K.L.:
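Sending over a structure as structure tokens; questions will come in a sec.
Worth saying up front: this structure is predicted, and the values here are computed from it rather than measured.
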Number of protein chains: 2
Amino acid sequence: MKSREQNIRNWIKEHKDLGIKLLQRLVQEDSTRGNENKAQAIIIEKCRQLGMELDIWELGEVKLINNEYFCCDRKDFSGNPNVVALLKGTGGGKSIILNGHIDVVPEGDRNDWKDDPYSGNIKDGKLYGRGSTDMKGGTVSLLLALEAIIALNIKVKGDIIFQSVIEEESGGAGTLSAALRGYRADGAIIPEPTNMKLFPKQQGSMWFRITVKGKSAHGGTRYEGVNAVEKAIKVVTALQQLEKRRNERILDPLYKNIPIPIPINIGKVNSGSWPSSVPDVAIIEGRMGVAPNETMKNAEKEMEECLFSLKEIDSWFSEYPPAIEWFGGRWLPGDLEQDHELMKIIRNSYIQVINKEPVIEASPWGTDGGILSVVGNTPVVIFGPGKTEAAHEANEYIELEEMIRAAEIIALVIINWCEADNSST
Amino acid sequence: MKSREQNIRNWIKEHKDLGIKLLQRLVQEDSTRGNENKAQAIIIEKCRQLGMELDIWELGEVKLINNEYFCCDRKDFSGNPNVVALLKGTGGGKSIILNGHIDVVPEGDRNDWKDDPYSGNIKDGKLYGRGSTDMKGGTVSLLLALEAIIALNIKVKGDIIFQSVIEEESGGAGTLSAALRGYRADGAIIPEPTNMKLFPKQQGSMWFRITVKGKSAHGGTRYEGVNAVEKAIKVVTALQQLEKRRNERILDPLYKNIPIPIPINIGKVNSGSWPSSVPDVAIIEGRMGVAPNETMKNAEKEMEECLFSLKEIDSWFSEYPPAIEWFGGRWLPGDLEQDHELMKIIRNSYIQVINKEPVIEASPWGTDGGILSVVGNTPVVIFGPGKTEAAHEANEYIELEEMIRAAEIIALVIINWCEADNSST
């Protein structure tokens, strides 16, 4: 056994360039929403080479659209499929889902990037580009772990279900579709960029859109109007105070190192169409964090009450209360017990590779883990390479050695969780 | 003389439906920037019917583009001409420019409009629609005054130069082009919606764009980034304080009824592209008022210093100072002495029609009057029908009777200023 584990780790170290090259190709394909197909094509090609059984489908099925957890403003899924690749076990072992999302968030202001956002440039052991850390790096860790196991001809008893899904950044319709298609397992790893920490619990989150009314007027007599920007500033201030109140209640020790366990992020503000006019409407969009032990409904209610109470500080809001929509992305919170068997196996594999105790925390962000655990009834641990702070940022990067270490750990988890079948080796 | 003036007034009253119908047709043509041609076609048709000598040209000439007062981000003027119509005097009298702009600002949020923004609907003596008050109503007052004089076969000694220009709402390139083409006169009236007040002085104004930097991050770990919206709020607050300081200095009694003589209007705020990301940049656009006795340069300097000093309240701005551009619209301030002969004649005509003293104030907004007086070397009074507070607003309207009264007054001004030629009548 020990030597098999060593063989796996050696194989991965010796073939790490395969993974690095794969990551570079994946990052060089801009797979922002609606453009996922070229990166998925690379994944499909890789899984075919590995001899895995492929299931490729476009989202949009009736049972997805009608599902209570479907919340997605995308109208067209054609040409940008979900991909699942199955490595059938020899039977009798625990199955595992290895889930990564292929979609990436937009690159933001290109001027903030030193290189092209999709360069895939490598410098000082880091690979740069949108999606490198969130989470094409994690996906490559999964594929490199699988490739090692397949190359060394190691058979496992449980099924290995690799998933490359779309729409994680916009509410999880990809993972939801996979769960509704019947994919579930005895455990799952999602290698989001946890900086190699183990996250048995995950913050949920959901998007909101707040419409704030003003009254238009000529800018030269702006006192005849009501500036929607000024009113929006009051809304933003109230949301900042709400965030503070909500976070003061979070006492779970898993969050002790997280400055803001469940943030309210102001992601977009748009108001006005003419410099010389007083804007009559402002739209604020953002993301509200939901605690692992909280319901989405409760969080919604708290924000709605916060907006409702604004009329107490400004009578304008009595006549024109801010309107809220819960649109687009929704990520269910996840809440796995810390001593679950999957946690133990990941911890042991981690110690074997890294030679120290892993950090166990609650995740500061939502992932597809919530849907996978609630809808797919699958215990999920979030664990992967890459710094959370590099995700969604300009000059996003991943440390390549960390990605290789993660591949080693995941490979060990697979053969221990799914149980290597010695009779077949 | 008296009876001729009475004849003119009677003619206008009897033919007021001509003016109302003309206004309705003009309002029903959306003449927002880039779409001015259909409304201009109506003006051209009217001036042809009146037997005036037409000069129709597209902007874009080298001397316009190179002029120091040209500030315009429009790339394409083709198909949307300036129109000038000349009624040649019999000689020896003072000339007059009658200037109206045909462009209108965008309609804003259509949901705020009771009817279609371009309906031209008439209800209770008011005609509704974008541009009705700013300033197609004023333009109709000019044309109705001219039509009365022409219909009654009254000859005047001075030239009458009617102008229907584009681009007033975006920096005055239309009036600048007309001035550079050689159009100037001994006096000018611009019937912007002054609510029938006389404005010998006008606030200047100019557009600004402020770029505020943040640092992007994943919304779930928003504390790793710096939200550009939060920084933009500090910029807006500083601009509010600057506006207060600048207005406290305005002591001109002409401004005594104006709550904010030289406002700083926040017209647009745009930040962020993704609800789950921390925005790394915010763009604020607006309009800064310039006092009649102030230079544009001085106003620019004051705002630039205000932004520069933000680093004292937030060290973020030391590293990332807000960047300012003075783009698009610029309207020179205007400053005519209150006892100018043109002011006297307008005042007398006003009293003759309205039977009371006119209100004389300084305008709270910039107009093409600044360019006409500085570049065209022409004394300008701003006087016209329509409520300023209705301009740039949803449900913009004009009181039709006021438009007719303005036509009567302007007709009397023309025959008195340009001097009716009794030998030719």
K.L.:
So what's closer than 4.5 Å to chain A heavy atoms on B/Val269: side chain, backbone, both or neither?
P.N.:
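The answer is both parts of B/Val269.
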K.L.:
Among B/Ile284, B/Ile260, B/Ile233, who wins on heavy-atom pairs under 4.5 Å with chain A?
P.N.:
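Ranked by contacts with chain A, first place is B/Ile260.
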K.L.:
Quick check on B/Ile264 against chain A: is it the side chain, the backbone, both or neither that has a heavy atom closer than 4.5 Å?
P.N.:
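For B/Ile264, the contact with chain A is made by the backbone alone.
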K.L.:
If you compare all heavy atoms of A/Pro263 against all heavy atoms of B/Gly220, which two are closest, and at what distance to 0.1 Å?
P.N.:
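Minimum heavy-atom separation between A/Pro263 and B/Gly220: CG-O, 3.3 Å.
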K.L.:
Counting heavy-atom pairs under 4.5 Å to chain A, which of B/Ile262, B/Val105, B/Val236 comes out on top?
P.N.:
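The option with the most such pairs is B/Val105.
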K.L.:
Output the option from A/Gly289, A/Ala394, A/Gly272 having the highest count of non-hydrogen pairs under 4.5 Å with chain B.
P.N.:
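If we count pairs closer than 4.5 Å to chain B, A/Gly272 comes out on top.
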K.L.:
Quick one: which of B/Ile283, B/Ile266, B/Val229 has the most heavy-atom pairs under 4.5 Å with chain A, could you say?
P.N.:
B/Ile266
K.L.:
Between chain A and chain B, identify every pair of one donor and one acceptor N or O atom lying under 3.5 Å apart.
P.N.:
residue  : atom : partner  : partner atom : Å
A/Asp112 : OD1  : B/Lys213 : NZ           : 2.5
A/Asp112 : OD2  : B/Lys213 : NZ           : 3.4
A/Trp207 : NE1  : B/Ser276 : OG           : 2.7
A/Lys213 : NZ   : B/Asp112 : OD1          : 2.6
A/Lys213 : NZ   : B/Asp112 : OD2          : 3.4
A/Ser216 : OG   : B/Ala394 : N            : 3.3
A/His218 : N    : B/Ala391 : O            : 3.4
A/Arg222 : NE   : B/Glu243 : OE2          : 2.8
A/Arg222 : NH2  : B/Glu243 : OE1          : 2.7
A/Arg222 : NH2  : B/Glu243 : OE2          : 3.4
A/Asn227 : ND2  : B/Ile266 : O            : 2.9
A/Glu243 : OE1  : B/Arg222 : NH2          : 2.7
A/Glu243 : OE2  : B/Arg222 : NE           : 2.8
A/Glu243 : OE2  : B/Arg222 : NH2          : 3.4
A/Asn265 : ND2  : B/Pro275 : O            : 3.0
A/Asn265 : ND2  : B/Ser277 : O            : 2.9
A/Ile266 : O    : B/Asn227 : ND2          : 2.9
A/Val269 : N    : B/Ser271 : O            : 2.9
A/Val269 : O    : B/Ser271 : N            : 2.8
A/Ser271 : N    : B/Val269 : O            : 2.8
A/Ser271 : O    : B/Val269 : N            : 2.9
A/Pro275 : O    : B/Asn265 : ND2          : 3.0
A/Ser276 : OG   : B/Trp207 : NE1          : 2.7
A/Ser277 : O    : B/Asn265 : ND2          : 2.9
A/Ser277 : OG   : B/His392 : ND1          : 3.2
A/Ala391 : O    : B/His218 : N            : 3.4
A/His392 : ND1  : B/Ser277 : OG           : 3.2
A/Ala394 : N    : B/Ser216 : OG           : 3.3

K.L.:
Find out whether A/Pro275 and B/Phe208 are in side-chain contact, i.e. whether some heavy atom of one side chain is under 4.5 Å from a heavy atom of the other.
P.N.:
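A side-chain contact is absent here, since even the closest heavy-atom pair is not under 4.5 Å.
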K.L.:
For residues B/Pro279 and A/Gly267, report the shortest heavy-atom separation together with the two atoms involved.
P.N.:
CG-O, 3.3 Å
K.L.:
Using a cut-off of under 4.5 Å on heavy-atom pairs, state which of B/Ala232, B/Ala391, B/Pro259 scores highest against chain A.
P.N.:
B/Pro259
K.L.:
Heavy-atom distances under 4.5 Å only: say whether B/Val278 touches chain A with side chain, backbone, both or neither.
P.N.:
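It is both, since atoms from each part get that close.
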K.L.:
Could you have a look at B/Gly225, B/Ala228, B/Ala282, B/Pro106 and say which one has the most heavy-atom pairs with chain A under 4.5 angstrom?
P.N.:
B/Pro106
